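Only a predicted model underlies this, so the values are computations on that prediction, with no experimental measurement involved.
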Amino acid sequence: MRVSLAIAWKEIQAYFTSPIGFIVALVYLALTGFFFVRSISGTLPEASVELYIVATAWIMVPLGPALTMGLLAEEQKLGTIELLLTAPVKDWEVVLGKFLASLSFFLVTLTMTLFYVLLLGAYGNPDWGPVWSAYLGIILYGATALSIGLMASSFTRNQIVSFVLGLGILLMLAVIQFASDLVEGVGATILDQIGTIYHLDDFTLGIIDTNHIVYYVSLTAVFLFLTIRSLESRRWR
């Protein structure tokens, strides 16, 4: 765990000293601010939570891969990944460290959006339960998006390819629930359950369902496992 934390700290410093990190953070804050204003325009503040959080989740579809596209792809391009893999460092420690770095940067950026929550409280009388449960949902969704982006970054040396691959996977998981309208019965239920955005609905209503938490945690774990396996496969190339 100490090795993972050291890797995470190194990557966190890189996030805060590179223009990519600041650009992603600024774009995220600008878009969430825009959707916050749109969500409360002409509606009660209490009614804005669902629209705002769902819009925030959609923003993570491109920004998740943008945050992670260089974490492993750039290491492979520069050849530094070989140093990591030949050092007395386990693959899971490398993956966990990279993931913790991206998650930490995301949480710091997300914390800045609490300013909007303060405005919501200042000009309205919202039910705080749905607000905080919605933030829990977006954190879980964000972790899933970052794990998918990290996996995509492990497959290629090219950051653009990594971004497009991560974007494609996230977009597919986000829109697959709409396909449930084309089928009926068990098929529709399965498609709904697979969709990542679908599981946010209860969080925006103030309902913390363990099934949704297990879904996001499990999906995150699966993609991190696949990332570890991807790194392990490099030892045999």
Enquirer: Looking at every non-hydrogen atom in both residues, tell me the closest pair between Ser147 and Leu219 and how far apart they are.
Expert: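 Taking every non-hydrogen atom into account, OG-O, 4.3 Å.
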Enquirer: Check the pair Phe99, Ser4 against side-chain contact (heavy atoms from CB on, under 4.5 Å), reporting the backbone distance first and the verdict last.
Expert: CA-CA 9 Å; Phe99 174 72; Ser4 295; over 6 Å; no
Enquirer: Work out which heavy atom in Ala66 is nearest to a heavy atom in Phe163; give both atom names and the distance.
Expert: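 The answer is N-CD1, 3.7 Å.
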Enquirer: List the atom of Ile139, the atom of Leu110, and the distance in Å for their closest heavy-atom pair.
Expert: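 Residues Ile139 and Leu110, closest heavy atoms: CG1-CD2, 3.5 Å.
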Enquirer: Can you tell me how far apart OG (Ser218) and CG (Asn211) are? Round to the nearest 0.5 Å.
Expert: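 Going from OG on Ser218 over to CG on Asn211, the span is 10.5 Å.
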Enquirer: Evaluate side-chain contact (heavy atoms from CB on, under 4.5 Å) for Leu173 paired with Ile148, printing each intermediate quantity in order.
Expert: CA-CA 11 Å; Leu173 289 174; Ile148 291 173; 3.7 Å; yes
Enquirer: Answer whether the closest heavy-atom distance between the side chains of Val108 and Met112 falls below 4.5 Å.
Expert: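 Answer yes - side chains close enough.
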Enquirer: Examine distances only and state if a side-chain atom of Ser162 and a backbone atom of Asn158 form a donor-acceptor pair shorter than 3.5 Å.
Expert: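 Not a single qualifying donor-acceptor pair exists.
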Enquirer: Please list all pairs passing the salt bridge (Lys or Arg N to Asp or Glu O under 4.0 Å) test where one or both residues lie in residues 130-143, with sequence neighbours left out.
Expert: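 Listed once each, the pairs would be none.
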Enquirer: Please give me the minimum heavy-atom distance between Pro65 and Leu167, naming the atom from each residue.
Expert: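 Smallest heavy-atom distance, with atoms named: CG-N, 3.5 Å.
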Enquirer: Could you tell me which non-hydrogen atom of Leu140 sits nearest to which non-hydrogen atom of Ile213, and how far apart they are?
Expert: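 Nearest heavy atoms, Leu140 then Ile213: CD1-CG1, 4.0 Å.
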Enquirer: Can you see which heavy atom on Thr156 is nearest to which on Ala152, and at what distance?
Expert: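 Nearest pair, atom of Thr156 first, then Ala152: CG2-O, 3.7 Å.
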Enquirer: Would you say Tyr215 and Val217 are hydrophobically clustered, going by side-chain heavy atoms of ILVMFWY under 4.5 Å?
Expert: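 Yes, Tyr215 connects to Val217 through the hydrophobic network.
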Enquirer: Taking Val95 as the starting point, is it possible to reach Leu226 by hopping between hydrophobic residues whose side chains are less than 4.5 Å apart?
Expert: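 Yes; Val95 is reachable from Leu226 via cluster members.
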Enquirer: When you check the side-chain N and O atoms of Thr220 and Thr144, is any donor under 3.5 Å from an acceptor?
Expert: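 Side-chain D/A pair, Thr220 to Thr144: present.
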Enquirer: Tell me if the CZ atom of Phe225 is crowded by more than 12 foreign heavy atoms within 6.0 Å.
Expert: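 No, because the 6.0 Å sphere around CZ of Phe225 holds 12 heavy atoms or fewer from other groups.
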Enquirer: If you measure from CD on Gln13 to OG on Ser18, what distance do you get to the nearest 0.5 Å?
Expert: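 It is 11.5 Å, given to the nearest 0.5 Å.
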Enquirer: In terms of hydrophobic clustering (I, L, V, M, F, W, Y; side-chain heavy atoms under 4.5 Å; direct or indirect links), are Ile208 and Tyr198 co-clustered?
Expert: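 No.
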Enquirer: Looking just at side-chain N and O atoms, do Thr113 and Tyr135 make a donor-acceptor pair shorter than 3.5 Å?
Expert: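 Thr113 vs Tyr135: donor-acceptor pair found between side chains.
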Enquirer: So how far is it from Thr68 OG1 to Leu146 CG, rounded to the nearest 0.5 Å?
Expert: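 Reported value, rounded in 0.5 Å steps: 6.0 Å.
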Enquirer: Are Leu71 and Ile20 connected into the same hydrophobic cluster when the rule is that any two of I, L, V, M, F, W, Y join if their side-chain heavy atoms are below 4.5 Å apart?
Expert: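 Linked, Ile20 and Leu71 end up in one cluster.
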Enquirer: With rounding to the nearest 0.5 Å, note down the distance linking OG1 in Thr227 to CG in Leu72.
Expert: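 The CG atom of Leu72 is 7.5 Å from OG1 of Thr227, to the nearest 0.5 Å.
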Enquirer: Name all pairs fulfilling the salt bridge (Lys or Arg N to Asp or Glu O under 4.0 Å) condition that reach into residues 3-27, sequence neighbours left out, sorted by first residue then second.
Expert: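 Every pair satisfying salt bridge (Lys or Arg N to Asp or Glu O under 4.0 Å) with a residue in residues 3-27: Glu11-Lys98.
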Enquirer: Fit a plane to each ring of His212 and Phe203, take the angle between them on a 0 to 90° scale, and name the class: parallel (under 30°), tilted (30 to 60°) or perpendicular (over 60°).
Expert: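 Geometry flag for Phe203 against His212: tilted rings.
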Enquirer: When you look at Ile12 and Phe105, which way does the side-chain contact (heavy atoms from CB on, under 4.5 Å) test go after all the steps?
Expert: CA-CA 7 Å; Ile12 289 172; Phe105 186 80; 5.9 Å; no
Enquirer: Check for me, please, whether Met69 and Leu171 land in the same ILVMFWY cluster - side-chain distances under 4.5 Å, paths through other members count.
Expert: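 Yes.
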Enquirer: I would like to know whether Val61 and Tyr141 meet side-chain contact (heavy atoms from CB on, under 4.5 Å); could you show each step before the answer?
Expert: CA-CA 10 Å; Val61 171; Tyr141 178 82; 3.5 Å; yes
Enquirer: Under 4.5 Å between any side-chain heavy atoms of Phe223 and Leu150, yes or no?
Expert: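 Heavy-atom side-chain distance check fails, nothing below 4.5 Å.
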Enquirer: So, are Glu232 and Arg229 salt-bridged, with charged N and O less than 4.0 Å apart?
Expert: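 Looking at Arg229 together with Glu232, the answer is yes, because their closest N to O distance falls below 4.0 Å.
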Enquirer: Out of curiosity, Leu67 CG to Met60 CE, how far, rounded to the nearest 0.5 Å?
Expert: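 Going from the CG atom of Leu67 to the CE atom of Met60 covers 6.0 Å.
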Enquirer: With ring centroids as reference points, do Phe22 and Tyr15 lie under 6.0 angstrom apart?
Expert: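 No.
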Enquirer: Under 4.5 Å between any side-chain heavy atoms of Leu31 and Trp58, yes or no?
Expert: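 Of all side-chain heavy-atom pairs linking Trp58 with Leu31, none is under 4.5 Å.
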Enquirer: Give, for atom CG of Leu103 and atom CG of Leu96, the distance between the pair rounded to the nearest 0.5 Å.
Expert: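 The CG atom of Leu103 sits 10.0 Å away from the CG atom of Leu96.
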